[in-house]
Amino acid sequence: MIAIIGGGVFGLSIGWYLARAGHPVTIFEQGQVGQGATWAAAGMLMPWKLSDSFSDDLFALQQDSYNRWPRFAQALGEVSNIPLHYQTDGRFFLALFDNAVKRLKRQYDFHHALGFPVEWLTGDEVRQREPNLGADVLAAIFTPMAHHIDNRQLVVALRDAFLQGGGQLREQTEVQELLIADKRVRGVQLPDEIFAAETIIVAAGAWSGHIARLPRSLRNMVRPRKGQTLILQMDPESPLIKQPVLGPVYLVPRPDGRLIVGTTVEREAGFDTQPTVGGVFHMLRKAQEMVPKIETLPIIEMGAGLRPTGAGRLPMLGPTGVKGLLIATGGHSYGILLSPAVAETMSHLALTGKVAPIIQPFMPPPEAKLS
Ligand SMILES: Cc1cc2nc3c(=O)[nH]c(=O)nc-3n(C[C@H](O)[C@H](O)[C@H](O)COP(=O)(O)OP(=O)(O)OC[C@H]3O[C@@H](n4cnc5c(N)ncnc54)[C@H](O)[C@@H]3O)c2cc1C
């Protein structure tokens, strides 16, 4: 039996791959699946390197996963029949001030040199394509490489595919402690019972470093990075913008007219997920500079999610020094993008014991002193 702690996009994706391979697997989720960082995300999918100092290993993992997305989405759509709204129509990156134009131009040159398909547009050229962008938009890059999906539909589809594959789901069930004896896992302690498992995958998002009895070297392996978001409602028949735009904030339209506005990146907010006046004000002010007409739209949701962020913003994926204990966390702001690669490599690891080369740079520290 394999037990997965956490029903976010990492836990659900790995669980789906294990279940469809015919292996007994149970996901434990302290609340409802997908309501953590995965719910708050914008669902943007693009390998992203802003400078030479960005980790080559992470960029390679992002590219690997990005290339897997079309087949992942298709397979999931076929099993679950849930529309993911996987869209491949590209995205605009906007500059609103002179110094932002210079930064955007550097980004354009860098991505052009990497061989990315990028197109430079003046403010007027981008307004011809998205007429509701404001006069403050001075320049833009368009790239057709930027894809996106509806992350909330993704949760519903993964849950469905996991259950159809024969996986067991225990929602409202917090894992309180790992059970470890003789340097190997034996199971997990639940509120009212012990659940025996020979493999445990910790995929508990920002909470991953807090599971009791984790090896000392893994405690606090990730920290929460709060990100606030808003959802506005556009008329789906005549949306204010048709494609995602990224400037000082991002605006991501959904086919049903919802417009996702985000985000903040807050280091010191702990596990708090309350939207704040400062966060909401910042997002609305910047969004209105980009698309002045948003001021007419109703706000239908305000919220926040906790990105699981590891050292150097790198993920943590692989085996630990405790036999049978595996880790899959640290998706930071690219966890949705990474989920097909995480599903493939982590399920393969759980079934064969082999670490795929693409995740080797992200293996947890080998020493495993128990707490
Ligand atoms: C505002 C925002 C925007 C983002 N936008 C994007 C984007 O556009 N593209 C992208 O690729 N990524 C994006 N991300 C990042 C992405 O959402 C995350 O990296 C990803 O969702 C992390 O998934 P996860 O499964 O590791 O964690 P989570 O989704 O947080 O899931 C972890 C789950 O574990 C459960 N859990 C914790 N402890 C226990 C326990 N002891 N027992 C049982 N269950 C437990 C939690 O309840 C939770 O449901 C964004 C994140 C935020 C916050």
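For this chain, numbers begin at 1 and follow the sequence in order. Every heavy atom of this structure was used, including side-chain atoms; hydrogens, water molecules and symmetry mates were not. Order of listing sets the numbers, starting from 1, for every ligand and every atom in it.
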Quiz item: Would you say the side chains of Q228 and T276 form a donor-acceptor pair under 3.5 Å?
Solution: yes
Quiz prompt | All pairs passing ring pair (Phe, Tyr, Trp, His ring centres under 6.0 Å) where residues 117-137 contributes a residue, at least two apart | solution = Y108-W120
Exercise. Could you tell me whether the side chains of Q63 and N67 share a donor-acceptor contact shorter than 3.5 Å?
Key: no
Quiz prompt | Per-ligand residue contacts, ligand 1, heavy-atom threshold under 4.0 Å | solution = I5, G6, G7, G8, V9, F10, F28, E29, Q30, G36, A37, T38, A40, A41, A42, G43, M44, T173, E174, V175, A203, A204, G205, W207, I211, G227, T229, Y250, T263, G305, R307, P308, G331, H332, S333, Y334, G335, I336, L337
Quiz item: So, R307 versus T263: side-chain donor-acceptor pair below 3.5 Å or not?
Solution: yes
Self-check item: Within 45° cone and under 6.0 Å: R71 NZ/CZ vs W69 ring
Solution: no
Exercise. Would you mind checking if D124 and R127 are paired as a salt bridge, meaning a charged N to carboxylate O distance below 4.0 Å?
Key: yes
